[in-house]
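What follows is a set of notes on a single structure, which appears directly below.
Residue numbers begin at 1 in each chain, while the letters A, B, ... track the order of the sequences.
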Amino acid sequence: MNDLLFELPLPDHFALGACLEYMNRSPLECLFRSDAEGVERLFIVEGQAVLIRLTMPADRPQRLRAALLYGSLPGEAGLAWLARYIVEWFDLDRDLAPFYKLAAEDELLGPLLQANDGLRIIGIPDLFEALCWAILGQQVNLAFAYRLKERLTAKYGQSLEWQGHTYYSFPEPEVFHEVSMEELCALQLTRNKARTVLEVAHLIAAGALSREELLALPSPAAAEQRLLQIRGIGPWTSQYVRMRCLRDATSFPAGDVGLQNAVKFLTGMDRKPTPAELVEMSARWRGWEAYATFYLWRALY
DNA sequence: TTCCAGGCTTAAC
DNA sequence: GTTAAGCATGGA
């Protein structure tokens, strides 16, 4: 089966190849499977497992093609949901021209722009997944964060075997209703991570927290404040979620150690810049701080 | 063994 | 409001 589902028009300054290079950065990623030409992901659409592959068709290079590898054809609403997810995933609605104009003149970003031409911030459209990924990534190295996500996903998510590979979808928050801290700690989550994941799962499952609600707040800063009210969610996590889920291009995780290391490496400083120094530096990227961050991260891999 | 990793909370100033 | 210490875990 390889049915065309739909094709999405692509904006300027988009290159699937550059996005895939980012997505291929870790072999430990469990929520999609990517290669040099495309990416495959398992979705649960209207309760049905649907395995999708995204590519750029050679005959229509300005389009992103979604093909159905396995599962039943979703209905109209399901297809619209999928298309919206993909737009959010690759940030296709954004006009990147202003960022490219600004970054081309920038000492640090200029070279990164060329090396990653057409890269967009790869989003995490689902709020629960985004929060969990940020929580799991707090204060641990990325390899370990990927292992934690894989364990959480394998234990509580849905999966599909197809052509010798196992595809996973991230667990729904409702699944954690009866899950205990001890159960999550057995997966090597610290108590703080376990407690925060459960708290977030309960809030979302109860309807007390949602992406729509956060986006409806008067400002991204208000959304950040709402997230900060949750115990276990600090500045880094809320800024990270603003950046990768809420799609706020001005979010700037100045406390991020990866960002600090990238700037140290690119500037040749003999120490990591402080968060205050990074904030000061980010003035020249105003309006595009999140994109600057995402491109700077690329200097590390 | 020590230090670091895409931090957070709490307590003290 | 700012800073310091404690926390917990794997990787190099």
Side-chain angles (χ1 to χ4, degrees), chain A residues 21-31 108 112 116 119-124 129-152 154-155 180-200 203 221 224-266 269-282 285 289-301:
Chain A
E21 266 183 53
Y22 168 81
M23 299 175 93
N24 287 332
R25 76 201 163 122
S26 175
L28 296 170
E29 175 61 60
C30 64
L31 293 179
L108 294 186
L112 293 170
N116 300 278
L119 172 68
R120 301 218 157 212
I121 294 180
I122 304 303
I124 307 177
E129 183 190 324
L131 279 165
C132 286
W133 175 232
I135 292 161
L136 296 181
Q138 290 169 358
Q139 188 58 28
V140 298
N141 62 69
L142 268 179
F144 183 51
Y146 276 113
R147 291 189 196 288
L148 292 177
K149 182 169 81 163
E150 184 178 31
R151 288 175 197 156
L152 200 66
K155 181 154 186 186
S180 67
M181 292 241 319
E182 288 67 29
E183 215 174 308
L184 294 186
C185 289
L187 305 180
Q188 303 305 114
L189 275 75
T190 60
R191 298 189 64 75
N192 190 43
K193 286 189 199 308
R195 191 195 60 225
T196 310
V197 164
L198 289 180
E199 172 68 7
V200 165
L203 284 172
E224 187 172 321
Q225 288 306 309
R226 169 68 186 95
L227 291 174
L228 285 172
Q229 290 169 4
I230 301 166
R231 191 176 170 200
I233 293 184
W236 179 83
T237 302
S238 51
Q239 286 160 2
Y240 188 89
V241 168
R242 265 177 72 175
M243 172 176 166
R244 295 201 62 194
C245 182
L246 304 182
R247 283 297 182 198
D248 174 19
T250 69
S251 183
F252 187 64
D256 181 85
V257 69
L259 181 61
Q260 292 166 8
N261 283 330
V263 170
K264 176 189 175 197
F265 171 69
L266 291 171
M269 291 172 74
D270 59 355
R271 58 171 178 81
K272 286 186 289 194
T274 65
E277 288 170 332
L278 284 175
V279 167
E280 193 178 339
M281 181 180 289
S282 73
W285 306 318
E289 293 88 340
Y291 260 91
T293 299
F294 204 71
Y295 272 69
L296 287 167
W297 278 344
R298 295 301 291 144
L300 294 175
Y301 304 105

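Here dT9(C) presents its P atom at 17 Å from CD1 of Ile135(A), a figure rounded to the nearest Å. Taking atom CZ of residue Arg195(A) and atom P of nucleotide dA8(C), one finds them 11 Å apart after rounding to whole Å. When the P atom of dA8(C) is taken as reference, atom CG of Leu148(A) falls 16 Å away, rounded to whole Å. Counting to the nearest Å, the P atom of dT10(B) and the CZ atom of Arg191(A) are 14 Å from each other. Counting to the nearest Å, the P atom of dA8(C) and the CG atom of Leu184(A) are 16 Å from each other.
Applying the 6.0 Å contact sphere to CD of Glu277(A) captures more than 12 heavy atoms from other residues, nucleotides or ligands.
Judged by distance alone, with hydrogens and angles left aside, the side-chain atoms of Arg231(A) form no donor-acceptor pair with the main-chain N or O of Thr196(A) at under 3.5 Å. Judged by distance alone, the side chain of Tyr22(A) and the main-chain N or O of Asn116(A) form no donor-acceptor pair under 3.5 Å. At least one donor-acceptor pair closer than 3.5 Å links the side chain of Ser251(A) to the backbone N or O of Gln239(A).
One finds no side-chain N or O of Lys193(A) lying less than 4.0 angstrom from the OP1 or OP2 phosphate oxygen of dT9(B).
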Do any side-chain atoms of residues 140-150 of chain A form donor-acceptor pairs under 3.5 angstrom with protein atoms, and if so which ones, sequence neighbours left out?
{"unit_1": "Asn141(A)", "atom_1": "OD1", "unit_2": "Ala143(A)", "atom_2": "N", "d": "3.3"}
{"unit_1": "Asn141(A)", "atom_1": "OD1", "unit_2": "Phe144(A)", "atom_2": "N", "d": "2.9"}
{"unit_1": "Tyr146(A)", "atom_1": "OH", "unit_2": "Arg25(A)", "atom_2": "NE", "d": "3.2"}
{"unit_1": "Tyr146(A)", "atom_1": "OH", "unit_2": "Arg25(A)", "atom_2": "NH2", "d": "2.8"}
{"unit_1": "Lys149(A)", "atom_1": "NZ", "unit_2": "Glu29(A)", "atom_2": "OE1", "d": "3.3"}
{"unit_1": "Lys149(A)", "atom_1": "NZ", "unit_2": "Glu29(A)", "atom_2": "OE2", "d": "2.8"}

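For Pro235(A), the side-chain atoms get nearest to dC8(B) when compared with the rest of dA5(B), dT9(C), dC8(B).
At the heavy-atom level, Val140(A) lies under 4.0 Å from base atoms of the strands shown. Gln139(A) comes within 4.0 angstrom of a base, heavy atoms only. Thr237(A) comes within 4.0 angstrom of sugar-phosphate atoms only, judged by non-hydrogen atoms across all strands, and of no base.
A side chain to side chain donor-acceptor pair (under 3.5 Å) with Thr237(A) holds for exactly one of Arg242(A), Gln138(A), Glu224(A); it is Gln138(A).
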N/O-N/O pairs, protein side and nucleotides 10-12 of chain C side, under 3.5 Å:
{"unit_1": "dG10(C)", "atom_1": "OP1", "unit_2": "Gln188(A)", "atom_2": "NE2", "d": "2.3"}
{"unit_1": "dG11(C)", "atom_1": "OP1", "unit_2": "Arg147(A)", "atom_2": "NE", "d": "3.3"}
{"unit_1": "dG11(C)", "atom_1": "O4'", "unit_2": "Asn141(A)", "atom_2": "ND2", "d": "3.2"}

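Of the residues near DNA chain B, Arg231(A) and Asn261(A), the one whose nearest nucleotide (by heavy atom distance) lies more toward the 5' end is Asn261(A). With the nearest nucleotide of DNA chain B identified for both Val257(A) and Ile233(A), Val257(A) has the one nearer the 5' end.
Annotation: side-chain contact (heavy atoms from CB on, under 4.5 Å) contacts of Glu183(A) (sequence neighbours excluded): Lys155(A), Tyr156(A), Val179(A), Ser180(A).
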